[in-house]
Amino acid sequence: MGLSVEKIALRRTGLGGSDAPIIARGIPEELNKLFGLKTGEIEPDNLDDILAVQMGTYTEPFNAEWFTRQTGRVITHRSDHRISLEYPWMQLNLDGLTDDGKTYWEAKHLSAFTKEEEALERYLPQLTHAMIVLEIDQAVLSCFFGNGKWVSQDVKLDPI
């Protein structure tokens, strides 16, 4: 489960969706670490024993199935790698596309105590990054909150 060795290596070649929240937060220590990762001065953390990361790799396929079952919107292009034509330093490993490729689909499995608004605020930079790379103006955040709640939130691109 998780990213292949090739996709992990691709992360070093540009800014990806998970880099967007780091940049948006603007915390110097995090930005310095990101710079070190991109320049090869720092090796990426081993996420094999990080429960939240591993949980996401297992629940993402189920999230896609659940989303489709609940909404009728089919998920395609799961795990594709894309590079922006306009900004070639921006790239993305897709969770998926829906609405015939017009909407980026992002899956998350969060704590049961996370509020819906907090989830959207936390992942809006990542969704925005994806929409820019894909040159589309819609995204949807599909979230499991613990094991008792699922919410889907559609987002329009804010070009500012």
Side-chain angles (χ1 to χ4, degrees), residues 1-4 7-8 10-11 14-27 30-31 33-34 37 44-45 47 50-87 89-160:
M1 299 299 289
L3 296 176
S4 67
K7 286 195 177 176
I8 291 171
L10 275 173
R11 286 182 165 219
L15 294 176
S18 57
D19 300 328
I22 295 168
I23 295 166
R25 283 191 299 270
I27 298 170
E30 291 181 2
L31 292 170
K33 181 177 180 182
L34 180 60
L37 288 167
D45 294 336
L47 305 177
I50 306 299
L51 181 60
V53 172
Q54 296 309 311
M55 182 95 57
T57 65
Y58 284 90
T59 60
E60 186 177 308
F62 176 59
N63 194 324
E65 181 183 322
W66 190 260
F67 175 86
T68 298
R69 187 183 314 164
Q70 299 304 308
T71 67
R73 297 161 74 184
V74 176
I75 306 299
T76 62
H77 298 86
R78 298 207 52 246
S79 299
D80 284 4
H81 183 82
R82 302 286 176 88
I83 298 172
S84 170
L85 297 175
E86 187 171 353
Y87 309 105
W89 43 269
M90 293 177 73
Q91 60 185 335
L92 177 66
N93 286 318
L94 277 74
D95 281 1
L97 295 174
T98 190
D99 304 332
D100 297 320
K102 297 177 186 150
T103 305
Y104 174 68
W105 177 81
E106 179 73 33
K108 297 295 179 192
H109 189 168
L110 306 169
S111 160
F113 305 107
T114 304
K115 294 183 175 27
E116 293 173 34
E117 311 80 47
E118 291 172 357
L120 187 56
E121 183 178 323
R122 182 185 313 167
Y123 294 108
L124 189 57
Q126 188 171 359
L127 297 172
T128 300
H129 177 90
M131 289 185 277
I132 291 169
V133 169
L134 297 168
E135 297 180 357
I136 57 178
D137 64 358
Q138 302 175 119
V140 60
L141 181 61
S142 180
C143 297
F144 289 138
F145 294 89
N147 66 356
K149 180 179 173 182
W150 168 80
V151 174
S152 166
Q153 300 180 73
D154 283 274
V155 177
K156 288 283 193 187
L157 178 65
D158 179 352
I160 294 173

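Start at 1 with the first residue, then count along the sequence.
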Looking at every heavy atom in both [X] and [Y], which two are closest together, and how far apart are they?
X    : Y    : result
H81  : I83  : NE2-CG1, 3.9 Å
T57  : P61  : O-CD, 3.4 Å
K108 : N63  : O-ND2, 3.5 Å
Q91  : G14  : NE2-N, 2.9 Å
R73  : T103 : NH2-CG2, 3.9 Å
L34  : L15  : CD2-CD2, 4.4 Å

Derivation of the ring pair (Phe, Tyr, Trp, His ring centres under 6.0 Å) call for F113 and F145:
CA-CA 7 Å; F113 305 107; F145 294 89; over 10 Å; no
So do the side chains of [X] and [Y] get within less than 4.5 Å of each other, counting heavy atoms only?
X    : Y    : answer
L94  : L134 : yes
L127 : L120 : yes
F144 : K149 : no
K115 : L110 : no
V155 : M131 : yes
V140 : Q153 : no

How long is the gap from [atom1] on [X] to [atom2] on [Y], to the nearest 0.5 Å?
X    : Y    : atom1 : atom2 : result
H109 : T114 : NE2   : OG1   : 10.0 Å
K156 : I136 : NZ    : CD1   : 10.0 Å
I132 : L157 : CD1   : CG    : 6.0 Å

Polar side chain donor-acceptor pair, Q138 to K102, under 3.5 angstrom
no
Between E60 and Y58: side-chain donor-acceptor atoms closer than 3.5 Å
no
Return the set of residues passing salt bridge (charged side-chain N to carboxylate O under 4.0 Å, His left out) with E30 (not counting sequence neighbours), or none when no residue passes.
R25
Given side chain to side chain contact (heavy atoms under 4.5 Å, CB included), test R122 with E117 step by step and report yes or no.
CA-CA 9 Å; R122 182 185 313 167; E117 311 80 47; over 6 Å; no
Count the heavy atoms of every other residue, nucleotide or ligand shown that sit under 6.0 Å from [atom1] of [X], and state whether that count exceeds 12.
X    : atom1 : value
E116 : CD    : yes
N147 : CG    : no
Y87  : OH    : no

I'd like to know if R82 pairs up with D80 as an ion pair, taking the criterion as any Lys NZ or Arg NE/NH1/NH2 lying under 4.0 Å from an Asp or Glu carboxylate oxygen.
yes
Salt-bridge contact E65-R69 (side-chain N to carboxylate O under 4.0 Å)
yes
Stepwise side chain to side chain contact (heavy atoms under 4.5 Å, CB included) test for L97 and W105
CA-CA 5 Å; L97 295 174; W105 177 81; over 6 Å; no
Please lay out, stage by stage, how Y104 and L92 fare under the test side chain to side chain contact (heavy atoms under 4.5 Å, CB included).
CA-CA 11 Å; Y104 174 68; L92 177 66; 4.1 Å; yes
Step by step, work out the side chain to side chain contact (heavy atoms under 4.5 Å, CB included) result for E106 and Y123.
CA-CA 9 Å; E106 179 73 33; Y123 294 108; 5.6 Å; no
Side chain of H77, backbone of G101: donor and acceptor closer than 3.5 Å?
no
Under 3.5 Å: donor-acceptor pair, side chain of S142, backbone of F67:
no
